[in-house]
2 protein chains.
Amino acid sequence: MRMAELSAATGVPVPTIKYYVREGLVPAGRPTGRNQADYDDGHVRRLKLVRSLSEYGGLSIAVMRDLMQRLDNPEEHDFDLLGAAQKTITEHREASPGTDRDQAEQELAELVARRGWRWEPHHPATRTAIGILASLHEVGRDDMVEVLDSYAAAAELIAETDIRLLGDDLTDRERAVEIVVIGTAVGDTLIAALRRIAQATLARRTYPAERAGQSR
Amino acid sequence: MRMAELSAATGVPVPTIKYYVREGLVPAGRPTGRNQADYDDGHVRRLKLVRSLSEYGGLSIAVMRDLMQRLDNPEEHDFDLLGAAQKTITEHREASPGTDRDQAEQELAELVARRGWRWEPHHPATRTAIGILASLHEVGRDDMVEVLDSYAAAAELIAETDIRLLGDDLTDRERAVEIVVIGTAVGDTLIAALRRIAQATLARRTYPAERAGQSR
DNA sequence: GGATAGTGGATAGTGCTACTTACTACTATC
DNA sequence: GATAGTAGTAAGTAGCACTATCCACTATCC
């Protein structure tokens, strides 16, 4: 397969493919001559993965490069790989200074204890959650912190599905990482979309007729 | 309150506040002289809202300007406002051409019917969900589409909490929009974070010891 | 009462990201 | 043998979210 065919098979413009190869997101083709190379289904697959992660997962080129280099490096242990993959796509944003993060941290720790989850204070997701809780207090939305348990129950339901999807077969590295990465990054967007659709329905049910939280 | 105090109260640098005022995200101060103006708690509050939405909600300046201008316009009907707010923060991304969107659309419509939700084919969240489903098929993750019902059940749980939070009192416009906007935008990130924390726990339970999907 | 730091308002510049364009020397194909 | 395409590389671009600099003016401290 030549580059034009690769481009046609994926819908990604040729210069963009060149850019991705340069950035290490997609492996180079197998050279067949001084200025000719051969691409295969693996390239098509990888390219579609990159597009999905970028379009629906919102991952940056730099994050994806990290991920793909880990994936292409056979030295990396499989289970570290999955954990690392999960952490890589969880960008940690520290709370703005001046915020009361201690109270938020304690609230989250208590929630984690109530649910019987593991408390991992340095996990980027933990740091993000703490930042959000602190931020919600700042903005005066303490009521949202109070219903945290409801959100946590839903999150656990989602996570159970995620783990079920991963299954037992972790022998295919590329496949396993794909499951984790797509499931997590694209899954976030999917869940957000489903949430909005459900919201629209429930809003109409709660505030019927012209009172509904819907235009028109 | 002068600009330096407003900056100190919110942690937002003075030039950034000026930029936000220029962009219409924050109303100008009440002028008290040729080059002096007065800011109050409303400005502090608005500034914190903007920061939260940007930092944790990932909203762009342009989207927030839209939102804030709606909020500051007394012509807008309250319930339209809420629906519009929800749609504004849901960026719709159309599927890349060449993808089989018809099949994905039908799958989603069936899911919506199974759950008794309203089918709103033009809602941006619907369009996004269709794009994701098509994309998942493209990447060969059909198994993820199969467990859609589990995700939808969790999404409904979240949406029920959202609506409960909104409550009955929709008289305070700014407050109601804040609830919807923060709840939705920041809530997405919060749920994503909780999901990852739950995943880490469940992964360890499913793949114990060194097999856990966690590095160290 | 005079130095100094700060003010609102405006324009221009910065750093970053994700591509695009343009170019070169070469090659497959009609 | 003309033409379109190829790999590889360097330079350019568009958009975003600020940030810096400037201006005439003003509040405040010593």
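Scope of the values below: all heavy atoms of this structure, side chains included, with no hydrogens, waters or symmetry mates. A, B, ... follow the sequence lines: proteins, then strands. Residue 1 opens every chain.
- Counting only distance, with no hydrogens or angles, the side chain of B:His123 and the backbone of A:Ala200 share no donor-acceptor pair below 3.5 Å.
- A donor-acceptor pair under 3.5 Å links the side-chain atoms of B:Thr128 to the main chain of B:Pro124, judged by distance alone.
- Here D:dT26 presents its P atom at 5 Å from CG of B:Asn35, a figure rounded to the nearest Å.
- When Watson-Crick and G-U wobble pairs are counted only if both distances are under 3.5 Å, D:dC30 pairs with C:dG1.
- Computed from coordinates, the A:Arg30 CZ to D:dA7 C1' distance equals 15 Å when rounded to whole Å.
- In this structure, CD1 of B:Ile17 is placed 16 Å from C1' of D:dA20, rounded to the nearest angstrom.
- In this structure, A:Asp143 pairs ionically with A:Arg141, as a charged nitrogen and a carboxylate oxygen lie closer than 4.0 Å.
- The closest donor-acceptor contact from the side chain of A:His43 to the backbone of A:Pro27 lies under 3.5 Å.
- Here the C1' atom of nucleotide D:dT26 and the CZ atom of B:Arg2 are 10 Å apart, to the nearest Å.
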Protein-proximity profile, nucleotides 13-23 of chain C, B/S/- by nucleotide at the 4.0 Å heavy-atom cutoff, equals -----BBBB--
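- Rounded to an integer number of Å, the gap from CD of B:Glu5 to P of D:dA27 is 14 Å.
- When the P atom of D:dT19 is taken as reference, atom CD of B:Glu23 falls 14 Å away, rounded to whole Å.
- Rounded to a whole Å, the CE atom of A:Met3 is 12 Å from the P atom of D:dT9.
- A salt bridge links A:Asp188 to B:Arg195: at least one charged side-chain nitrogen sits closer than 4.0 Å to a carboxylate oxygen.
- Which of D:dA7, C:dG8, C:dC26 sits closest to the side chain of A:Arg34 comes down to C:dC26.
- In terms of modelled atom types and a separation under 3.5 Å, the side chain of B:Ser7 and the main chain of B:Val12 share a donor-acceptor contact.
- In this structure, B:Gln36 atom CD and C:dT7 atom C1' are separated by 5 Å, rounded to whole Å.
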